[in-house]
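Please read the structure below before turning to the comments.
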Amino acid sequence: MTDRLIVFDTTLRDGEQSPGASMTREEKIRIAKALERLQVDVIEAGFPTASVGDFEAVQAVARAVTESTVCGLARALERDIDRAGEALRGATTQTRIHTFIATSPIHMQHKLRMSEDQVVEQAVKAIRWARRYTDDVEFSPEDAGRSEFDFLCRVLEAVIAEGARTVNIPDTVGYNLPNQFGSLIYRLRERVPNADKAVFSVHCHNDLGLAVANSLAAIQNGARQVECTINGLGERAGNAALEEIVMAVRTRRDLFTCDSRLDTTQIVSCSRLVSTITGFPVQPNKAIVGANAFAHEAGIHQDGVLKSRETYEIMCAEDVGWKANRMVLGKHSGRNAFRARMDELGIAFGAEEELSRVFGLFKDLADKKHDIYDEDLQSLVTVAGMDKENESVQLVAIRVCSESGITPEANVTIAVDGRERRGTGTGSGPVDAVFRAIEGLVETRADLLLYSVNAITGGTDAQGEVTVRLEKGGRIVNGQGADTDIIIASAKAYINAINKLLLPLQRAHPQTGDI
Ligand code: KIV
Ligand code: ZN
């Protein structure tokens, strides 16, 4: 008998805590829909207390999703739990409240300044309070990976007795090694007297590159829920990568007594969507979803794979969604065909003008690019959403002169709050010249941390998707731009990042500050 492995995706919450990965409400809805197509069991949609925007995003996701359970995070505080409960009210699906408090000596002493007794009391009160909103309550002893075993057992017993249905063991700082973490799960399940009344879950961070290995060790020792993110997105080195855990369990059925219910053919499109929206590119050699994950370069390997796939492949590329990108639309496609494909991709348009705007962008692109793929459509929607929300600075026109032996020069026209400004910049290359010209016009004095270009699809007419990461005064933002001309895509990405820097930031982080 194979048990169910519950997949709890936290891309929209812990993933979003990655510096520069913040998403708009509409983007969160698109990702949530993609996660639902993937058949993820639980979607952690955000931390409603963090800001009004976060609250509204959780509310919108809870109203857009119909199959997966939608979860809101709350510290073990009545006011946080009330916010989560309110955000989830009116949901069109099942809801869960995930509440947490730290249990490691270092966190209790330095962050919470609370005694063990106080922490237990607060945890129990939080479960009781959360159950006013839903029976599906999850509890996490934050920094469990560095907590004292006996105390951890005490907290877990108390919260299970109070009605927590899921107890999640986070390795918050990614400190554990696989055998140690597996054994922790085994011992907890043995020692906590009411362990059989709750599902044991794990939540691993990747600081030592062990998040997936630790999660798998935990599953082999009885964990039946795994918390993870698409592409391993997350704070610092990230969270455990959903696609890697799910495919390891599915591929090595001989070593696991459980499996998820995921439709793995949705993995690649989901990965691309998250990467496009957050601007965090996927490295080519990344397992499962990297561009080279199924590419065989060595002649001997190619020969082997052609004779029998199993010689060098342990999974089918098609099983995770590779080669599934269909050429869908072109220059002659009409509005109805466009709308129908967008529907299939789970992209809904609120108003007819919104559809018209994106359809207009589609037509512009179809003039430049013969075949329009799903990835191009996803990118169009991202770009359309960005233009709408970040209107303060806009790219109007750009002219670049680049010739061998001559310093590249860029002439850029932008509109700032509707007023045009023109400027010139020179640089070591055309992109550098464009960025200098723009910076001369807006004077952000931000530092450029990252610049990367990805081809959205194959072919020389592919759109280049550019990510620009800027930092100013400790705040990090990511900007994205896409165009068949990568210089224009770069200018758009730079301006998108500047617009994000200009937005006021009022957002609390769930795991810092006093409780
Ligand atoms: O890493 C962590 O401990 C968390 C908790 C809030 C579960 O993200
Ligand atoms: Zn975390």
Side-chain angles (χ1 to χ4, degrees), residues 6-19 21 42-50 54 58 71-77 80-81 83-84 96-108 110-112 119 122-123 126-127 130 136-147 151-152 155-156 159 164-176 181 184-185 188 198-212 214-215 218 223 225-242 245 507-515:
I6 300 167
V7 176
F8 176 115
D9 180 277
T10 182
T11 307
L12 301 180
R13 197 278 298 172
D14 221 344
E16 204 201 18
Q17 282 173 217
S18 199
V42 187
I43 299 172
E44 188 164 54
F47 175 50
T49 310
D54 282 59
V58 174
C71 175
L73 182 72
R75 290 171 298 182
L77 291 174
D80 273 31
I81 295 168
R83 279 305 266 170
R96 174 181 294 190
I97 292 179
H98 175 193
T99 183
F100 73 98
I101 187 166
T103 52
S104 64
I106 189 162
H107 275 235
M108 290 191 292
H110 298 291
K111 184 175 92 171
L112 302 177
V119 167
Q122 183 102 25
I127 304 299
D136 190 352
V137 176
E138 169 171 330
F139 174 75
S140 288
E142 189 192 3
D143 205 16
R146 291 188 301 172
S147 298
F151 180 57
L152 203 48
V155 177
L156 294 181
V159 295
R165 279 200 195 159
T166 304
V167 284
N168 177 48
I169 312 301
D171 184 17
T172 304
V173 290
Y175 180 67
N176 282 231
F181 197 62
L184 173 66
I185 301 304
L188 286 173
V199 173
F200 272 69
S201 165
V202 286
H203 175 113
C204 298
H205 279 269
N206 206 28
D207 299 68
L208 292 174
L210 294 170
V212 171
N214 286 344
S215 306
Q225 175 177 285
V226 69
E227 301 200 353
C228 41
T229 58
I230 299 289
N231 301 336
L233 189 70
E235 228 167 341
R236 309 185 307 278
N239 287 57
L242 176 146
I245 297 175
R507 184 153 187 251
H509 186 295
Q511 288 160 273
T512 52
D514 290 335
I515 200 155

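Ligands are counted one by one from 1 in listed order, and the atoms in each one are counted from 1 as well.
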In terms of atom number and element, which parts of ligand 1 are under 4.0 angstrom from non-hydrogen atoms of E142? 3 (O)

Residue that, paired with N239, satisfies side-chain hydrogen bond (donor to acceptor under 3.5 Å, both in side chains) out of T11, D14, D9, T10: D14

Around atom OH of Y175, are there more than 12 heavy atoms from other residues, nucleotides or ligands closer than 6.0 Å? no

Within ligand 1, which atoms have a heavy atom of D14 less than 4.0 Å away? 8 (O)

Is it true that N176 and N214 share a donor-acceptor pair across their side chains at a distance under 3.5 Å? no

Any Lys/Arg nitrogen of E142 or K111 sitting under 4.0 Å from an Asp/Glu carboxylate oxygen of the other? yes

The test is side chain to side chain donor-acceptor pair (under 3.5 Å); show your working for T172 and D143 and say whether it passes. CA-CA 5 Å; T172 304; D143 205 16; 4.6 Å; no

Among the heavy atoms of E227, does any lie under 4.0 Å from an atom of ligand 1? no

Measure from the Zn ion (ligand 2) to each N, O or S atom of D14 and report whether any distance is below 2.8 Å. yes

Nearest to atom 1 (O) of ligand 1, what protein heavy atom do you find, and at what distance? H205 NE2, 3.0 Å

Angle at the Zn ion (ligand 2) (to 10°), with one arm to NE2 of H203 and the other to NE2 of H205: 100°

Can you tell which part of R13 has a heavy atom less than 4.0 Å from ligand 1: side chain, backbone, both or neither? side chain

Nearest 0.5 Å, please: how far is CG in D136 from CZ in R96? 4.0 Å

Indicate, as side chain, backbone, both or neither, the part of T172 found under 4.0 angstrom from ligand 1 when only non-hydrogen atoms are considered. both

Starting from atom 2 (C) of ligand 1, locate the nearest protein heavy atom and write down its residue, its atom name and how far away it is, to 0.1 Å. Q511 NE2, 3.2 Å

Nitrogen or oxygen atoms of D143 and ligand 1 under 3.5 Å apart: no

May I ask you to check if ligand 1 and H203 share an N or O to N or O distance below 3.5 Å? yes

Any heavy-atom pair between the side chains of V119 and F151 that's under 4.5 Å? yes

Approximate separation, where rounding is to 0.5 Å, of I97 CD1 and I127 CD1: 10.0 Å

